[in-house]
Amino acid sequence: MVAAAALLLPLVSAAPSATAERPASDALQRDFAAAASQYRVPGSVLLAVSYLQSRWDTHGGAPSVSGGYGPMHLTDAATALADAPRQQQPNTEDARGDTSRTAKVATPATAALPKASQLPARLRTLDRAAKLSGQPAEELRESPAANIKGGAALLAAAQRELGKPLGGDPADWYGAVARFSGADDSATAAGYANDVFAVIRDGEQRTTDSGQRMTLAAAPKVAPDTAQVSRLGLRKAAAGPVECPRTVACEWIPAPYEEFGEGDYGNHDLADRPKSQKIDSIVLHDTEADWATTLQLVQDPTYVSWHYSVRSSDGHIAQHVATKDVAWHAGNWYVNAKSVGVEQEGFLVTPDAWFTEEMYRASARLVGYLSRKYDIPLDRQHILGHDNVPGTTAATIAGMHTDPGPYWDWSHFFTLLGKPFTATARGKAAAVTIRPDFAANKPAYTGCVTAGETCAPHGSTAVRLHTAPQESAPLVKDAGLRPGGEDSTIDVNDVGARASTGQQYAVAGRSGDWTAIWYLGQKAWFHDPAGQPTAVPAKARLVTPRPGLAQVPVYGRAYPEAAAYPAGVPVQEQAAFPYTFLAGQKYVTGGKVPGEYFYSPTFDTSVHRVVRGKEQYYEIQFGHRVAYVKAADVRLVPAG
């Protein structure tokens, strides 16, 4: 990766008043104006397209997860893949997570790097931009000013190909914008163009990752000719029983339900949700693979499954499993049976491989739709990362997945959902919501490329947890991850001493610029200065052990009591985790949940059944992952 200072050099000539170290804060705005004028692209169109790709960020010249560079997200996936780390997160998790059945561990083979000619056109727009603009590919990757010119050249070329005049009314550029998306189906191209013109109508302003102040004035009366997309010659997305909001482009690419013989089958289970069981959560993942590989894997009957995939380059969504059915995605059968799994194209250990704004928006619209359809609360105990899903027993804790990881911007995602994380209490409340500034919060991590080596600095949603109110204090320990008592680490996949944006915890103490929370049965301290707080006061429901109980067991699943299982259905062990929830400690609860077990051992669905008991549980934010405690063991503490 080229040093950030070198990337800013092309801006110096455009901003003579700036120092060599840092361009004027309006230099990027003027680069957009210059490119718009040179290629006769309406300035609002150029700015809005860039916002939908990168929110005008430069990302220090690093490519996105789909190989896009710079503010205009010009794609050169071949170069990006060749330069990217090949390490993946550890993968020993049983994706099915039903300990009564043979483990289903998804271990895809590492694919060979594709040649540029093998990549679809949407993943190699940078080469065409170089030919149209006459600028070297390296400049388009590394120089924001050149990158903007390349994007403008692509838009102008698309406009000419449609027989439309350059310049003029932004409303006449709908077809060119749809073409710029790179989508190969008309619905995705139209959805992308609709989003661009929504940005034009609403306007936007923000300070970018390089300190540039950017503004796009609102133009509420712009009304584009949406019929232009029909003249692009794009395919229609595969028809099928898709369950998506009208505001996204969605197609049906089904995961197979097949029997292999000898009792084995794949790659999901048929069910009848929510009639059979309530769907109460959505689990967000990253794919750890490119789009083509992702689709190949989910269509493999011997592999595992998830309900939806979201493409980074343009927000295209593919549905693979009906939401009434149970996919094998979260590594915990109780969670699988009651959740929907959404995979986002991306990589956990590549911090600078950023997600496009269009992907964030498409994913948020899908999650919002599912939340409304199934009455799922929009909070971090019901909208989970895969890294928030608990193991099923003590033996499975260490093997659970850690995606989407500390570089996924939960704050921005929930803002797009219309549920930004704000203070819901005043002063020194009994609970807090974790909320660091994503761009400014850059804790050090290791292991992105090589074990023990420091990752590239990057914005993060996570805060680090210590045993005492000082940076030099050891990190809190995770008795489940490390039964031998070893210390937690700052490895990017180590969630043992990490709290994430939107998660809520009971306050256990305060000392100067530090706040303590109850976490995995211990006091955990994080830096929370008044001038730059990393948490806000929260009004939340808490649970604590009932009077007379010195401690209560904590579980990774909410299964029924043994007496509830009928003949022919094996009793599922409800083994406690190796953590302590002691009298006097408190944890935020996401609500009461029933003790249930979905018995689904065979391809023949006639023997399937849902076992329900009298035992009730509370889901709690226990550590970085959620957990469950029996309702009979705890009492609710009034919110405050």
Side-chain angles (χ1 to χ4, degrees), residues 86-114 118 238 240-242 251-271 273 283-311 317-348 386 389 391-392 395-396 399-403 570 598-608:
R86 303 294 285 168
Q87 179 180 335
Q88 290 186 324
Q89 59 177 300
N91 194 21
T92 58
E93 176 190 270
D94 171 13
R96 189 157 52 191
D98 182 357
T99 52
S100 70
R101 291 189 279 179
T102 303
K104 196 73 173 178
V105 178
T107 309
T110 301
L113 290 176
Q118 297 173 313
V242 293
E251 72 175 315
W252 179 248
I253 302 178
Y257 183 67
E258 295 183 12
E259 186 174 21
F260 310 140
E262 297 183 1
D264 197 11
Y265 66 98
N267 63 9
H268 59 280
D269 277 289
L270 302 186
R273 307 182 308 173
V283 181
L284 302 186
H285 309 250
D286 72 46
T287 60
E288 295 298 314
D290 61 26
W291 183 254
T293 304
T294 297
L295 297 187
Q296 290 171 3
L297 292 174
V298 80
Q299 293 178 90
D300 181 348
T302 66
Y303 198 64
V304 297
S305 58
W306 48 93
H307 294 88
Y308 298 90
S309 299
V310 187
R311 192 161 66 196
I317 296 174
Q319 184 174 0
H320 313 295
V321 177
T323 57
K324 72 178 184 66
D325 297 328
V326 177
W328 303 343
H329 64 98
N332 181 314
W333 186 242
Y334 179 81
V335 174
N336 278 343
K338 297 168 69 65
S339 70
V340 173
V342 179
E343 289 273 4
Q344 272 101 175
E345 183 185 10
F347 302 89
L348 184 157
H386 197 170
V389 176
T392 52
T396 65
M400 296 300 290
H401 274 200
T402 57
D403 60 299
F598 178 34
Y599 180 61
S600 175
T602 63
F603 184 77
D604 177 9
T605 61
S606 65
V607 301
H608 295 187

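In this text the structure is predicted, and so the values were computed from the model without any measurement.
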> Given Ile317 and Arg311, is the side chain to side chain contact (heavy atoms under 4.5 Å, CB included) satisfied, shown in steps?
Replying inline: CA-CA 6 Å; Ile317 296 174; Arg311 192 161 66 196; over 6 Å; no
Flag, side chain of [X] to backbone of [Y], donor-acceptor distance under 3.5 Å:
| X | Y | answer |
| --- | --- | --- |
| Thr293 | Ala289 | no |
| Asn332 | Gly97 | no |
| Arg96 | Ala327 | no |
| His320 | Trp306 | no |
| Thr287 | Gly346 | yes |
| Glu93 | Met400 | no |
| His307 | Asp325 | yes |
| Asn336 | Ala95 | yes |
| His608 | Ser600 | no |

Distance check, rounded to the nearest 0.5 Å: [X] atom [atom1] versus [Y] atom [atom2]?
| X | Y | atom1 | atom2 | answer |
| --- | --- | --- | --- | --- |
| Asp286 | Glu345 | CG | CD | 10.5 Å |
| Thr392 | Asp94 | OG1 | CG | 7.5 Å |
| Thr102 | Asp264 | OG1 | CG | 7.5 Å |
| Trp328 | Asn267 | CH2 | CG | 6.5 Å |
| Leu270 | Lys324 | CG | NZ | 5.5 Å |
| Glu288 | Glu343 | CD | CD | 9.0 Å |

Nearest heavy-atom neighbours spanning [X] and [Y]:
| X | Y | value |
| --- | --- | --- |
| Ala330 | Val389 | O-CG1, 3.5 Å |
| Ala318 | Leu295 | CB-CD2, 4.4 Å |
| His386 | Gly331 | NE2-N, 4.4 Å |
| Val105 | Thr92 | CG2-O, 4.0 Å |
| Val326 | Ala271 | CG2-CB, 4.0 Å |
| Ala255 | Ser305 | CB-CB, 4.4 Å |

>> side chain to side chain contact (heavy atoms under 4.5 Å, CB included), that's the test. Do Tyr308 and Val242 meet it? Break it down for me.
In response: CA-CA 10 Å; Tyr308 298 90; Val242 293; over 6 Å; no
>> Can you tell whether the side chains of Arg101 and Asp269 come within less than 4.0 Å, N to carboxylate O?
In response: yes
> Under a 4.5 Å cut-off applied to non-hydrogen side-chain atoms, are Pro570 and Tyr599 in contact?
Replying inline: yes
> Do Asp604 and Thr602 have side-chain atoms, one donor and one acceptor, less than 3.5 Å apart?
Replying inline: no
>> Please confirm whether the ring centroid of His329 lies under 6.0 Å from the ring centroid of His285.
In response: yes
> Is the distance between the ring centroids of Phe260 and Phe603 less than 6.0 Å?
Replying inline: no
> Relative to each other, are the rings of Trp333 and Phe598 parallel, tilted or perpendicular (30° and 60° limits)?
Replying inline: parallel
> After noting the C-alpha distance and the side-chain angles of Tyr257 and His268, does the key distance pass the side chain to side chain contact (heavy atoms under 4.5 Å, CB included) rule?
Replying inline: CA-CA 6 Å; Tyr257 183 67; His268 59 280; 3.7 Å; yes
>> Using the rule given for side chain to side chain contact (heavy atoms under 4.5 Å, CB included), can you reason through Val335 versus Val283, listing the C-alpha separation, both sets of side-chain angles and the distance that settles it, and then say yes or no?
In response: CA-CA 9 Å; Val335 174; Val283 181; 4.1 Å; yes
